[in-house]
Amino acid sequence: MENQTNCPNCNAVLKTGWSSNSLIEGKKTSFINFVLKKESPAYCDKCVSKLFGEAQHIFERDKDQQIRHLELNIHAIPIVSTHTPYGWEYETISIVTGQSVTGTGVISEFKSDFSDFFGGQSGSFNKKLGSGEQRCFQQLRAKALKLGANAIIATDIDYGEVGVGKGMLMVCAAGTAIKITNTSVLGENCEIIESLDKSQKRLDELNHFENLDMF
């Protein structure tokens, strides 16, 4: 900003020397404008410090709120094995996958064999399978949301052992991420699903600024 004599934000006189007061432009100005909803083309040394600190505080609080909202409500995104759910109108986005690997352990394998021998079920083994499935589902939901989707259809789950005799169990899930256009079919989850999309978009905006080197 050539020939600028005063700060466009606080109107302080711009000067050089021992008590200089120069303009701050670029990424730091963009960050302040974005967070504090300002439109100043630049800030001076005298006003930028307070404004930047205020913006950082609001930025971190906003980001924490978006992450918390996603963590608490992402389970509302439906995951179904059906290829064409009845009544759903949607756009196909992309395939999404999730993987989980966990150790079964010698003791849990022994318990599983013992219970299977007597016609029962291994609670320890089933618990690990269930935990692996849930981790896969969380990955599917998170990836779908990042893509702008709000549901996953045609979901398939596979199980396998990683390395013969190493006691490592792998659970894999894959499905098709879609964007339901008539979200009213989701009933009471409709508003939650729409709020998740808003939170993800806001978080993407915040992450863009967090990755910038503003110093």
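We number each residue from 1, following the sequence as shown.
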Atom pair [atom1]/[atom2] of [X] and [Y] - distance to nearest 0.5 Å:
| X | Y | atom1 | atom2 | answer |
| --- | --- | --- | --- | --- |
| Leu206 | Ile58 | CG | CD1 | 11.5 Å |
| Cys44 | Leu14 | SG | CG | 6.5 Å |
| Lys63 | Arg202 | NZ | CZ | 12.5 Å |
| Tyr159 | Glu133 | OH | CD | 3.5 Å |
| Ile74 | Ile67 | CD1 | CD1 | 12.0 Å |
| Gln134 | Arg141 | CD | CZ | 7.0 Å |

All N/O donor-acceptor pairs, side-chain side in residues 193-201, below 3.5 Å, sequence neighbours left out:
from	atom 1	to	atom 2	distance (Å)
Glu194	OE2	Thr183	OG1	3.1
Ser195	OG	His69	NE2	2.9
Ser195	OG	Ile192	O	2.6
Asp197	OD2	Lys201	NZ	3.3
Ser199	OG	Gln66	OE1	3.0
Ser199	OG	Ser195	O	3.3
Gln200	NE2	Asp204	OD1	3.0

(request) Name all residues meeting the side chain to side chain contact (heavy atoms under 4.5 Å, CB included) criterion together with Glu60; count only those two or more places apart in sequence or in a different chain, and write none if there are none. (result) Glu210

What heavy-atom pair brings [X] and [Y] nearest, and what distance separates the two atoms?
| X | Y | value |
| --- | --- | --- |
| Cys136 | Gly98 | SG-O, 3.6 Å |
| Ala55 | Val35 | O-CG1, 3.4 Å |
| Val13 | Asn21 | O-ND2, 3.1 Å |
| Ala42 | Ser40 | O-OG, 2.5 Å |
| Pro41 | Thr29 | O-CG2, 3.7 Å |

(message) Tell me if the centroids of the rings in Phe31 and Phe52 come within less than 6.0 Å of each other.
(response) yes

(request) Using modelled atom types only, decide if a donor and an acceptor are shared between the side chain of Arg135 and the backbone of Ser100 within a distance under 3.5 Å. (result)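 Pair absent, no side-chain N/O of Arg135 close to backbone of Ser100.
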
(request) Keeping the roles fixed (side chain from Asn150, backbone from Ile180), state whether a donor-acceptor pair exists under 3.5 Å. (result)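 Yes, because the side chain of Asn150 sits within donor-acceptor range (under 3.5 Å) of the backbone of Ile180.
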
(request) Mind running side chain to side chain contact (heavy atoms under 4.5 Å, CB included) on Leu145 and Leu147 for me, showing each step along the way? (result) CA-CA 5 Å; Leu145 198 56; Leu147 292 170; over 6 Å; no

(message) Just to verify, which of Asp64, Leu72, Leu70 counts as forming a side-chain contact (heavy atoms from CB on, under 4.5 Å) with Arg68?
(response)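 Looking at Asp64, Leu72, Leu70, the match for Arg68 under the side-chain contact (heavy atoms from CB on, under 4.5 Å) is Leu72.
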
(message) Between Tyr43 and Lys28, is the side chain to side chain contact (heavy atoms under 4.5 Å, CB included) condition met? List the steps.
(response) CA-CA 9 Å; Tyr43 298 93; Lys28 202 173 250 190; over 6 Å; no

Scan the side chains in residues 82-97 for donor-acceptor partners under 3.5 Å anywhere in the protein, sequence neighbours excluded, and list what turns up.
from	atom 1	to	atom 2	distance (Å)
Tyr90	OH	His83	O	3.3
Thr97	OG1	Gln99	NE2	3.2

(request) List the steps, then state whether side chain to side chain contact (heavy atoms under 4.5 Å, CB included) holds for Leu51 with Lys38. (result) CA-CA 11 Å; Leu51 291 171; Lys38 291 179 172 289; 4.0 Å; yes

(request) Please lay out, stage by stage, how Thr155 and Val80 fare under the test side chain to side chain contact (heavy atoms under 4.5 Å, CB included). (result) CA-CA 6 Å; Thr155 308; Val80 298; 5.7 Å; no

